[in-house]
Amino acid sequence: MELVKNVVCPFCGTLCDDIVCKVEDNEIVGTMNACRIGHSKFVHTEGAERYTKPLVRKNGEFVEVTMDEAIDKAAHILADSKRPLMYGWSCTDCDAQAVGVKLAEEAKAVIDNTASVCHGPSVLALQDVGYPICTFGEVKNRADVVVYWGCNPMHAHPRHLSRNVFGRGFFRERGRPDRTLIVVDPRKTDSSKLADIHLQLDFDHDYELLDAIRTVLLGNDILYDEVAGVPKELIYETVEVLKKAQFGILFFGMGITHSRGKHRNIDTAICLVTDLNRSAKFNLIPMRGHYNVTGFNQVCTWEVGYPYCVDFATGSPRYNPGESGSNDLLQNKETDGMLVIASDPGGNFPQKSLERMAEIPIVAIEPHRTPTTEMSDVIIPPAIVGMQAEGTAYRMEGVPIRMRKVVESDLLPDREILERILDKVKEINASK
Ligand code: SF4
């Protein structure tokens, strides 16, 4: 058995880069250091369906086809659609994402990633009021106050706490005892059980609580006994901890981006961090979900100037979330052909979007059987980035890390599949 060290986990935005893979006969049979979720991505689960050949739906049944035939069919779906949508991107590498942007331009498509159902509201907020961010290294070495607002890292980013809270740092030699941990969540979660202060607010009232904290911080009184279900004494106590921080960090997640107020919640959270910097040193980091959701927004921004929901219909990029988001286009029945890559909207989009997906041709570049592939007309299985293909990914706070290839695969990486579709779409467009 061979041990491959310093492997990067292709699952969540924590992007752990200290994984050891146990390899036997070109197969990953075990891991060290990975959490349960990361481990389950690396190791094949008995019975899970992994596609090995491209498939095209003919007379309602999937049949195996050559790669050339699958590429040709995929290119025609994009080139023949009036309003194609290219969605997903968060579980592949930056090189593939860059080819995807070129393909979207050639096909006059809308290109969008999972941010539009995830931290898109955070992107809108930071475009309004700024982005006071830092890296994990600064948190580990300096942070004495750590806040998790609307996220449950024990379940969604399992090694995040051990790296950022329990980890010993240069100025925090004892690790956890040197830090005050605050969790803000309506539920008692496994993360809140570890907290020194749990602000158990009423669901959907994050904006009110953020506003109350800012009110106290700016020297004003709260006029009520409680705000958002949190007693005012606890709010005063929390503000004292926050404003005395030598180095504070606010991690925030879906509980605040998806509850009532959406991007206005994040807007206020960013303003709170700005206010805190009058008396303390404070930063924030969004708990980005997929391992390379951040990478797509970086690539798309440097290529065309906008991070997601980018519409090439007129030939030059336009950006209007609310109109050019994937769910907007599906629910308004605008899109008439869809390419899905490294994502499973069939399993995650709302019913109304799925109804439109069921009506239009879909290409899925996807290694496993998912609700999306069940709805697709073409399935092209790629080599999996971080295991069978290398590439660059961006951690949740924007640190780029090179993903490693651990085992060989006969399948093409996403980037090459997209390049071949791009060449074919150019050919079709030239012949029109
Ligand atoms: S915390 Fe995330 S990146 Fe780290 S091993 Fe677990 S799933 Fe992978």
Side-chain angles (χ1 to χ4, degrees), residues 3-23 28-45 48 89-94 113-115 118-119 135-137 139-140 143 146 148 150-169 175-176 181 183 189-191 193-194 249 251-255 285-298 342-344 347-348 367-368 370 384-407:
L3 294 182
V4 183
K5 295 183 180 166
N6 301 324
V7 176
V8 186
C9 174
F11 191 79
C12 85
T14 312
L15 208 58
C16 298
D17 55 357
D18 60 348
I19 309 298
V20 180
C21 286
K22 300 176 185 173
V23 178
I28 302 172
V29 294
T31 61
M32 283 146 67
N33 297 340
C35 69
R36 277 193 192 189
I37 314 177
H39 175 84
S40 68
K41 173 125 189 200
F42 278 112
V43 178
H44 180 74
T45 307
W89 306 103
S90 302
C91 286
T92 188
D93 66 294
C94 292
N113 79 323
T114 55
C118 184
H119 270 284
T135 63
F136 279 7
V139 175
K140 180 182 154 194
V146 180
Y148 285 99
C151 46
N152 184 7
M154 283 293 284
H155 288 204
H157 299 80
R159 296 182 71 214
H160 198 275
L161 278 147
S162 62
R163 294 181 58 176
N164 291 292
V165 177
F166 289 88
R168 295 184 182 136
R176 173 70 181 94
L181 177 60
V183 171
T189 63
D190 285 332
S191 304
K193 287 177 197 162
L194 300 170
I249 180 72
F251 293 111
F252 62 98
M254 298 291 95
I285 296 178
M287 296 286 280
R288 307 283 327 243
H290 297 295
Y291 77 88
N292 200 24
V293 59
T294 307
F296 179 84
N297 301 134
Q298 296 273 0
S343 182
D344 181 21
N348 298 299
H368 296 105
T370 66
I384 300 175
V385 176
M387 294 161 62
Q388 300 166 329
E390 61 173 5
T392 299
Y394 278 71
R395 206 164 63 191
M396 60 172 69
E397 29 42 309
V399 171
I401 300 178
R402 193 76 182 159
M403 312 290 293
R404 295 188 60 184
K405 181 198 225 183
V406 182
V407 291

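Note that ligands are numbered from 1 as they come in the structure, with each ligand's atoms numbered from 1 the same way. Bear in mind that the values here come from a model prediction, so they are computed numbers and not experimental data. We number each residue from 1, following the sequence as shown.
Of the options E397, M396, R395, a side chain to side chain contact (heavy atoms under 4.5 Å, CB included) to R288 is made by M396 and by none of the others.
Using a distance-only test at 3.5 Å, with no hydrogens or angles considered, no donor-acceptor pair links the side chain of K41 to the main chain of C9. Of the possible polar contacts, none joining the N292 side chain to the S90 backbone as a donor-acceptor pair under 3.5 Å is found. Between the S191 side chain and the M154 main chain, a donor and an acceptor come within less than 3.5 Å of each other.
From the protein, the heavy atom lying nearest to atom 1 (S) of ligand 1 is R159 N, 3.3 Å. Considering only non-hydrogen protein atoms, atom 4 (Fe) of ligand 1 sits nearest to C16 SG, 2.3 Å. Nearest to atom 6 (Fe) of ligand 1 among the protein's heavy atoms is C35 SG, 2.2 Å. Atom 2 (Fe) of ligand 1 has C12 SG, 2.3 Å as its closest protein atom, hydrogens excluded (heavy atom only).
Side-chain contact, H160 with T14: no donor N or O sits under 3.5 Å from an acceptor N or O.
Looking at D18 and R163, no side-chain N of the basic residue comes within less than 4.0 Å of a carboxylate O on the acidic one, giving no salt bridge.
In L15, the part holding a heavy atom less than 4.0 Å from any atom of ligand 1 is the backbone.
Among the atoms of H157, no N, O or S atom is found under 2.8 Å from atom 6 (Fe) of ligand 1.
Short contacts between ligand 1 and C9, defined as distances under 4.0 Å to a heavy atom of the residue, involve ligand atoms 3 (S), 5 (S), 7 (S), 8 (Fe).
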